[in-house]
Asker: 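Below is one structure. I have some questions about it.
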Amino acid sequence: MKLTVASSPHIRGDFRTSRLMLDVVLSLMPALFVGIFVLGPQAALVTVVSVVTAVAAEWLYEIVMKKRVTLKDCSALVTGLLLALTLPATTPLWMVALGSAFAIVVAKLMWGGLGQNVFNPALAARAFLMVLFPAALTRYAGVDAATGATPLHHLVMLTPPDQSILDMFLGNCPGSIGELSALALLLGGAYLVFRKVISIRIPAAYIGTVAVLTLVFSKGDNALEWMLYQLFSGGIMLGAIFMATDYATSPVTSLGQILFGIGCGILTVIFRYYGLFPEGVTYAILLMNLLTWAIDRYTPPRRFGTKKGGKA
Amino acid sequence: MKHLFFGGIHPSYRKELSAKEAPAPAVIPEQVVIPMLQHIGAPCQPLVQVGDYVQLGQKIGDGQGLCVPVHASVSGTVIAIEPRPHVSGRMIESVVIQNDFQDTTVEFVKNDLPLDQLDSDQVLHTIREAGIVGMGGAAFPGNVKAVSAMGHVDTLIANACECEPYITADDTLLRHDAEHVLQGMQILKQVLQPERVVLAVEDNKAEAIAKVRSILSQYSGIELAVLPTRYPQGAEKQLIQALTKREVAPGKLPVSVGCAVFNVSTFAAIYRAVRLGTPLTQRIVTISGEAIAEPQNFLVRIGTSFHDLIKMAGGLHDRTERVISGGPMMGFAQSDLAVPVVKATNSILCLLKDQNGAAENPVCLRCGKCVGVCPMRLQPLYMYRYEMAGNLKELERLHLMDCIECGSCAFTCPGKLPLVEHFRLGKKKLREASAK
């Protein structure tokens, strides 16, 4: 009998990359359903195009470049889905496909594939589309299919949105496909934390920072109302729970994750208050992505058996 | 009481496979192979020659320095003294004894003196002469550890965590011979005079815990600590942290935080050496895993080959992939089943093909789960990356040498990176670099 001699450990847990990715897909379903329910079948079409393009682009790139096909890890599926959720349902489908292919090929595979990229692929693609087609990406079909300003536009104009806070929390408002309902996104986030796919540190630090800053530097008559409108509008929930927690592009240390979340929160508020566009989440997270490795490096866990600072 | 030490994992324990009745005395083999190195330290020199007749319990090897003697585990004739395969993977000089099945023994001197009349030096000498080493796997000479602990420890710990999956040797010992363990603890308590004496067990050993509880009142000053099961609780530094909240500093020994930890099997061996006068010539060995026909615990003479024990347990499955000395998390895979059971062999684990779940194309997702489970608070993903890049400076900055190779990171990694393998390589490179 030929016995294998290999390093310990000789057993492994049954965690798989694909399991983690499918959990993320599952956790995004409530937000997607709200999007389709509120915005109509066009939202579903955008999502399908984005996902199919992402998967096809990964397959094609790997075939052409003679690399191992990595579709089984399901990460292309997640990227395609996430990109779609950041887009308005009215985005032209060819534009969706272009963005999705950009996310997979330019923002992920050209960096070396899963785990190697510096920028969140879905957000990099959204930023790419924003630069090329700003008009298409900021035109939102409303609940009654009329082209309307989103609550966030109103906030920039310092006029109260048309919707109540409860409507925004539930998703009964215009916006990108996956950004409508804070409730649906929070449910998905709770599932991911429960399944230990993500830690609560980044989303909590991110959302908490935005909450504190908008409360303290309120621009509305009612600071609390202003804060809640800020939190439930735009991409903060989707960004904090699903984008800022992207494994490849966020820190792994506990302290690093908290700092990363705080950084995202500060930048988001700055961009919203002073930026060119009403939304700041995309650029806030992309900028923090740049700092991920440095944050990890300077926030090592306290070494076992030593006091803070590594002294024995 | 939840996380009593940092990190850790919950593997599938599979203890039910082997945790059955009392340990069956293994069939005594026709030949035993007694390696001259069964401890951490300098090897013994043989005290016998080919052709000599030896008795059970006779000292057949001893040496100077960090060294404890080895003894004949059967009576019979020495037929060879030569290098033989050893569980470490190396060839180690060994004395081979042809068993005459008489079990004629040397004289074992009993000692019934009350505890307070035991002479410390005498006890320590007996521990050495009985060849006692740490029987949980590390095989550090028992007397050396005890001597270094004298006057420096306030806490004496008996380790029965047995946190590795499959293994039930300590569990079996407690269920059937808890008295020996507790009496061994009393003896070292007398020698070391600690303030606190703790027997630490994980809560997945209900029967062993019940047994200890039922007799504990007869042993004053010994405390039973039932800990929530979590791997690697039985690792020395983690157990000390769980019991005392103290952390052993990098590169330091438990005595630096006032603790001495011995495995429960070691305590039982100390009891037998001091009270019954018998040297360490047998131990309980778990043989388990999906690839063995009849998983169970054996009372085994040191020097019995893995092959003999596997045969006694009904043989290996056709699809066996690995035979491991020790547990699935930290044990050593064997290539040659002629290797003998040594003092620190607590388990022979037989696993099927595909049980190790390795991937052909490991990929790091940067998910950071390895950071969360590391009991030493290291960053395995970066250690792996810099080992692959051959960057020793970064490996030092990341404190690679602190790694206890428990395998929690590799077990947890969804990308199935061969983390521990690369940490061993990296440590070797660091050691070579610092030797230059």
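Both backbone and side-chain heavy atoms feed into the values below; hydrogens, waters and symmetry mates do not.
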Asker: Could you tell me which portion of B:P165 (side chain, backbone, both or neither) has an atom closer than 4.5 angstrom to a non-hydrogen atom of chain A?
Answerer: side chain
Asker: Select one option (side chain, backbone, both, neither) describing which atoms of B:F332 are under 4.5 Å from chain A's heavy atoms.
Answerer: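 Just the backbone, heavy atoms under 4.5 Å.
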Asker: For B:R424 and A:S8, test the side chains for any donor-to-acceptor distance below 3.5 angstrom and give the result as yes or no.
Answerer: yes
Asker: Does any backbone or side-chain atom of B:R397 lie under 4.5 Å from a heavy atom of chain A? Answer side chain, backbone, both or neither.
Answerer: side chain
Asker: Side chain, backbone, both or neither: which part of B:Q241 has a non-hydrogen atom closer than 4.5 Å to chain A?
Answerer: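 Contact with chain A involves the side chain of B:Q241 alone.
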Asker: Based on non-hydrogen pairs under 4.5 Å, which of B:G357, B:G368, B:G331 is most in contact with chain A?
Answerer: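 Most pairs with chain A among the choices: B:G331.
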Asker: Can you tell me which of B:K353, B:Q334, B:E321 forms the most heavy-atom pairs within a distance under 4.5 Å of chain A?
Answerer: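 Winner by heavy-atom pair count: B:E321.
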Asker: Counting neighbours of CH2 on A:W59 that are heavy atoms of other residues, nucleotides or ligands and sit closer than 6.0 Å, is the number greater than 12?
Answerer: no
Asker: Under a 4.5 Å heavy-atom cut-off, does chain A meet the side chain of B:K369, its backbone, both or neither?
Answerer: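 For B:K369, the contact with chain A is made by the side chain alone.
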Asker: At a heavy-atom separation under 4.5 Å, does B:C364 approach chain A through its side chain, its backbone, both, or neither?
Answerer: backbone
Asker: Side chain, backbone, both or neither: which part of B:E394 has an atom under 4.5 Å from a heavy atom of chain A?
Answerer: side chain
Asker: Name the region of A:D296, side chain, backbone, both or neither, that has any atom closer than 4.5 Å to a heavy atom of chain B.
Answerer: both
Asker: Non-hydrogen atoms of chain A under 4.5 Å away: do they reach the side chain of B:R319, the backbone, both or neither?
Answerer: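 When you check distances to chain A, no heavy atom of B:R319 falls under 4.5 Å.
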Asker: Of the listed residues (B:L349, B:N356, B:D318), which shares the most heavy-atom pairs with chain A below a 4.5 Å separation?
Answerer: B:N356
Asker: Do B:D402 and A:R303 have side chains that approach each other closer than 4.5 Å (heavy atoms only, starting at C-beta)?
Answerer: yes
Asker: Let me see the working for B:L337 and A:L3 under side-chain contact (heavy atoms from CB on, under 4.5 Å), right down to the final yes or no.
Answerer: CA-CA 9 Å; B:L337 298 182; A:L3 293 171; 3.8 Å; yes
Asker: Could you give me the CA-CA distance, side-chain angles and deciding distance for B:V363 and A:T17, then say whether side-chain contact (heavy atoms from CB on, under 4.5 Å) is met?
Answerer: CA-CA 9 Å; B:V363 174; A:T17 306; over 6 Å; no
Asker: In Å and rounded to the nearest 0.5 Å, what is the CD1 to OH distance from A:I11 to B:Y166?
Answerer: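 Taking CD1 in A:I11 and OH in B:Y166, the distance rounds to 6.0 Å.
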Asker: Most heavy-atom pairs under 4.5 angstrom with chain A, which of B:K237, B:R246, B:R385, B:E405?
Answerer: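 Among the listed options, the one with the most contacts to chain A is B:R385.
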Asker: Which atoms form the tightest heavy-atom contact between A:P9 and B:G407, and what is the distance?
Answerer: CG-O, 3.9 Å
Asker: Taking all non-hydrogen atoms of both residues into account, name the closest pair between A:G305 and B:P250 and its distance.
Answerer: O-CD, 3.7 Å
Asker: Select one option (side chain, backbone, both, neither) describing which atoms of B:V420 are under 4.5 Å from chain A's heavy atoms.
Answerer: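 Interface part for B:V420: both.
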Asker: Considering only heavy atoms, which portion of A:S254 lies under 4.5 Å from any heavy atom of chain B: side chain, backbone, both, or neither?
Answerer: neither
Asker: Give, as side chain, backbone, both or neither, the part of B:L365 having an atom under 4.5 angstrom from any heavy atom of chain A.
Answerer: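 Answer is both: backbone and side chain atoms of B:L365 are under 4.5 Å from chain A.
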Asker: Return yes if some donor-acceptor pair links the side-chain N/O of B:R366 with the main-chain N/O of A:T249 below 3.5 Å, else return no.
Answerer: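 Flag not set: sc B:R366 to bb A:T249 has no pair under 3.5 Å.
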Asker: Hey, what do you get for CD (B:E247) to CZ (A:F304), rounding to the nearest 0.5 Å?
Answerer: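 So the gap between those two atoms works out to 5.0 Å.
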Asker: For atom NZ of B:K311, decide whether the heavy atoms of other residues, nucleotides or ligands shown that lie under 6.0 angstrom number more than 12.
Answerer: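 Atom NZ in B:K311 is not packed in, count stays at 12 or less.
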Asker: Does atom NZ of A:K72 have more than 12 heavy-atom neighbours, drawn from other residues, nucleotides or ligands, at distances under 6.0 Å?
Answerer: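 No.
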Asker: Looking only at heavy atoms, what is the nearest atom pair of A:V252 and B:Y382, with distance?
Answerer: CG2-CE1, 3.9 Å
Asker: Against chain A, label B:I9 side chain, backbone, both or neither, depending on which of its atoms sit under 4.5 Å from a heavy atom there.
Answerer: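 Neither the backbone nor the side chain of B:I9 comes within 4.5 Å of chain A.
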Asker: Chain A heavy atoms under 4.5 Å from B:Q379: which part of the residue, side chain, backbone, both or neither?
Answerer: side chain
Asker: Can you check whether B:Q355 reaches A:H10 side chain to side chain, under 4.5 Å on heavy atoms?
Answerer: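 Of all side-chain heavy-atom pairs linking A:H10 with B:Q355, none is under 4.5 Å.
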Asker: Pick whichever of B:M330, B:E421, B:K416 has the most heavy-atom pairs under 4.5 Å with chain A.
Answerer: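 It is B:K416.
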Asker: If you count every heavy atom of other residues, nucleotides or ligands that lies below 6.0 Å from A:I200 atom CD1, does the total exceed 12?
Answerer: no
Asker: Heavy atoms only, distances under 4.5 angstrom: which of A:R16, A:Q116, A:R68 has the most pairs with chain B? Name it, please.
Answerer: A:R68
Asker: Please state whether the side chain, the backbone, both or neither of B:V323 comes within less than 4.5 Å of a heavy atom of chain A.
Answerer: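 It is both, since atoms from each part get that close.
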Asker: Measure distances from B:N361 to the heavy atoms of chain A and classify the residue's part below 4.5 Å as side chain, backbone, both or neither.
Answerer: both
Asker: Highest number of heavy-atom pairs under 4.5 Å with chain A: which of B:L351, B:T320, B:L378?
Answerer: B:T320
